[in-house]
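Below: the structure, in C-alpha cells.
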Amino acid sequence: MMKFQENIPLKKYTTFKIGGSAKYFFVAKTKTSLVKAIQAAKKASLPFFILGGGSNLLISDEGYQGLIIKTGKPLSSYVSKGLEWAAGIPGTVEGAVWGNAGAFGKSMQDVVKKVEVFDIKDGKIKILNNKDCQFGYRDSIFKKNKNLIILSVKIKTRKSNLNKIKEYLNYRKDRQPLNLPSAGSVFKNPKNYSAGELIEKAGLRGKKIGGAQISNIHANFIVNLNKATAQDVLSLIKLIKKTVYGKFKVKLREEIVILY
Ligand SMILES: Cc1cc2nc3c(=O)[nH]c(=O)nc-3n(C[C@H](O)[C@H](O)[C@H](O)COP(=O)(O)OP(=O)(O)OC[C@H]3O[C@@H](n4cnc5c(N)ncnc54)[C@H](O)[C@@H]3O)c2cc1C
C-alpha cells in the first residue's frame with residue numbers, strides 16, 4: 001500500500017504561485033515509484049495528474065480532488081550539454097517534451113532521441129523514437145494521448161557555447177517579466193502572428209484583474225502581481241481572447257495547461 005501526503009497546497013509547486021490544495025500528493029523520485037503511484041491511483045479509481053516543474057500550469061483555486069504526482073528531471077541540467085536555447089526555461093525535461101518547449105528557433109524535437117513511456121492503457125513500458133513523438137509547434141503525441149506517461153528521455157548532447165547561453169539569458173532579462181511569478185507565454189503564436197503583439201495592439205498591455213496583470217514588459221505573459229487567484233488569471237485570459245478576436249478576428253489558443 002502506497003502512502004500519499006494529504007491536503008498539500010500546490011501554490012509553491014507552480015511558477016505562477018497560484019492554486020488550491022491537492023487531496024493527495026506524492027513525489028516520485030524513481031521510475032518505479034512513478035509507475036506504482038499511477039497503478040495505485042488507477043486501482044483506487046482516483047484521478048491523477050503528473051506535475052513537472054509546474055511552469056506551464058494554472059491550477060484552480062479549488063485545487064485538485066485527486067492525486068498529484070510530482071516528478072521529473074530539471075531541464076536546466078541540459079543547458080550546458082548543447083541546449084543553450086533552453087537557458088531560462090524552467091521546469092523538467094519531461095514537461096518540455098510534453099509541450100515540445102522551445103526558444104530561439106529550436107525545440108525539444110531537435111534534441112530528443114528516445115522517450116521511455118508507461119502506457120496506462122495496456123500497462124506496458126515502451127520506447128518511442130523522435131518520430132513517434134509527433135512533435136509540432138508546442139505539440140506532441142503526449143498532449144493527445146493522455147495514456148502515455150513519460151518515464152525518461154534520452155537527449156542528444158554536446159558541449160554548449162557559453163556565450164550563447166549568456167546572450168539568450170540577457171535577451172530574456174530584457175524582454176520578459178522575470179521578477180514576477182508567471183507561467184511563461186499564455187497563448188501559442190497563431191500562424192503568421194505573434195500573440196504578444198496582438199494583445200499589445202488590442203490595447204491590453206498592463207490590464208489588471210484582481211491580483212493578476214497582463215505584463216507591461218511582454219503582453220503574452222500574465223503575471224501574479226499580488227496574491228492573484230486562478231479566477232483572476234482566467235478572467236484576463238477570457239478578456240484577451242474576446243478582445244483580440246473582436247479586433248483582429250484571430251482566435252488565440254492557450255499554451256498553458258489549466259488544471260480543474
Ligand atoms: C519565465 C518563464 C519562461 C518560459 N519560457 C519558455 C520558453 O521560452 N519556451 C517554452 O516552450 N516554454 C517556456 N515556458 C513555459 C514552461 O517553462 C515550459 O513549457 C516547460 O517545458 C514546462 O515544463 P514543466 O516541467 O514545468 O511542466 P508542467 O507545467 O509541470 O506540466 C506541463 C504539462 O506536462 C505534463 N507532464 C509533465 N511531466 C510529465 C510526464 N512525466 N509524463 C506525462 N506528462 C507530463 C503535465 O501533466 C502537464 O500537462 C516558460 C515559463 C516561464 C515561467
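Atoms within each ligand, like the ligands themselves, are counted from 1 in listed order. What you see is a predicted model, and the numbers here were worked out from it, not measured in a lab.
- In this structure, G72 has no heavy atom closer than 4.0 Å to ligand 1.
- Close approach of ligand 1 to I50 is summarised as follows: ligand atoms under 4.0 Å from at least one heavy atom of the residue are 38 (N), 39 (C), 40 (C), 41 (N), 46 (C), 47 (O).
- Between D232 and S235, the side chains place no donor N or O within less than 3.5 Å of an acceptor N or O (distance only, hydrogens not considered).
- Judged by the 6.0 Å and 45° rule, K249 forms a cation-pi pair with Y245.
- At a heavy-atom cutoff of 4.0 Å, ligand 1 is contacted by the backbone of A183 but not by its side chain.
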For K166 and E84, run salt bridge (charged side-chain N to carboxylate O under 4.0 Å, His left out): C-alpha distance rounded to whole Å, both residues' side-chain angles, the deciding distance at 0.1 Å, then the answer.
CA-CA 9 Å; K166 272 190 210 145; E84 293 97 339; over 6 Å; no
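- Contact between S21 and N7 at its shortest, heavy atoms only, is CB-C, 4.2 Å.
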Exercise. Step by step, would you call V186 with I256 a side chain to side chain contact (heavy atoms under 4.5 Å, CB included)?
Worked result: CA-CA 5 Å; V186 174; I256 59 168; 4.2 Å; yes
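- For ligand 1, the atoms lying closer than 4.0 Å to a non-hydrogen atom of R138 are 11 (O).
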Apply side chain to side chain contact (heavy atoms under 4.5 Å, CB included) to residues F49 and I69 and explain how you reach the verdict.
CA-CA 6 Å; F49 181 83; I69 307 172; over 6 Å; no
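- Contacts between T15 and ligand 1 below 4.0 angstrom, taking non-hydrogen atoms only, involve the side chain exclusively.
- Aromatic ring centroids of Y260 and Y64 lie 6.0 Å or more apart.
- The G184 neighbourhood of ligand 1 comprises atoms 2 (C), 50 (C), 51 (C), 52 (C), 53 (C), with distances under 4.0 Å to a heavy atom of that residue.
- Nearest protein heavy-atom neighbour of atom 8 (O) of ligand 1: R172 NH2, 2.8 Å.
- Protein heavy atom nearest atom 21 (O) of ligand 1, with residue, atom name and distance: A96 CA, 3.2 Å.
- When the heavy-atom distances from atom 22 (C) of ligand 1 to G99, G91, S55 are ranked, the shortest goes to S55.
- Of the protein's non-hydrogen atoms, I150 O, 2.9 Å is the one closest to atom 41 (N) of ligand 1.
- Nearest non-hydrogen protein atom to atom 4 (C) of ligand 1 is P90 CD, 3.8 Å.
- In summary, R205 and E200 engage in a salt bridge, as defined by a charged side-chain N under 4.0 Å from a carboxylate O.
- For atom 13 (C) of ligand 1, the nearest protein heavy atom (residue, atom name, distance) is I89 CG2, 3.9 Å.
- Under 4.0 Å from ligand 1, the heavy atoms of L178 that appear belong solely to its side chain.
- The option from A101, G102, A103 that lies nearest to atom 9 (N) of ligand 1, judged by heavy atoms, is G102.
- Salt-bridge check for K154 with E116: failed, with every basic side-chain N at 4.0 Å or more from each acidic carboxylate O.
- Contact analysis leaves K143 out of contact with ligand 1, as no non-hydrogen atom separation drops below 4.0 angstrom.
- Any N or O atom pair closer than 3.5 Å counts here, and V257 shares no such pair with ligand 1.
- Grouping Ile, Leu, Val, Met, Phe, Trp and Tyr by side-chain contacts under 4.5 Å, direct or through others, puts V223 with L180, L225.
- Remark: ligand 1 atoms within the under-4.0 Å shell around heavy atoms of G53 are 24 (P), 25 (O), 26 (O), 30 (O).
- Listed here is the closest heavy atom pair of I150 and L34: O-CD2, 3.9 Å.
- Contact annotation: for F49 versus ligand 1, heavy atoms closer than 4.0 Å belong to the side chain alone.
- For the pair N100 and ligand 1, the shortest N or O to N or O distance does not fall below 3.5 Å.
- Looking only at heavy atoms of the protein, atom 31 (O) of ligand 1 is closest to G52 N, 4.4 Å.
- With atom 34 (O) of ligand 1 as the reference point, the heavy atom nearest to it among F142, W98, F16 is part of W98.
- F248 and Y193 have their aromatic ring centers separated by at least 6.0 angstrom.
- Using a cut-off of 4.0 Å between Lys/Arg side-chain N and Asp/Glu carboxylate O, D132 and K126 are scored as not salt-bridged.
- Here the heavy atom of the protein found nearest to atom 27 (O) of ligand 1 is G95 CA, 3.8 Å.
- The protein heavy-atom contact nearest to atom 29 (O) of ligand 1 is N56 N, 2.9 Å.
- The minimum heavy-atom distance linking A183 with T15 is given by the pair CA-OG1, 3.9 Å.
- By the 3.5 Å distance cut-off applied to N or O atoms, Q176 is not counted among the residues near ligand 1.
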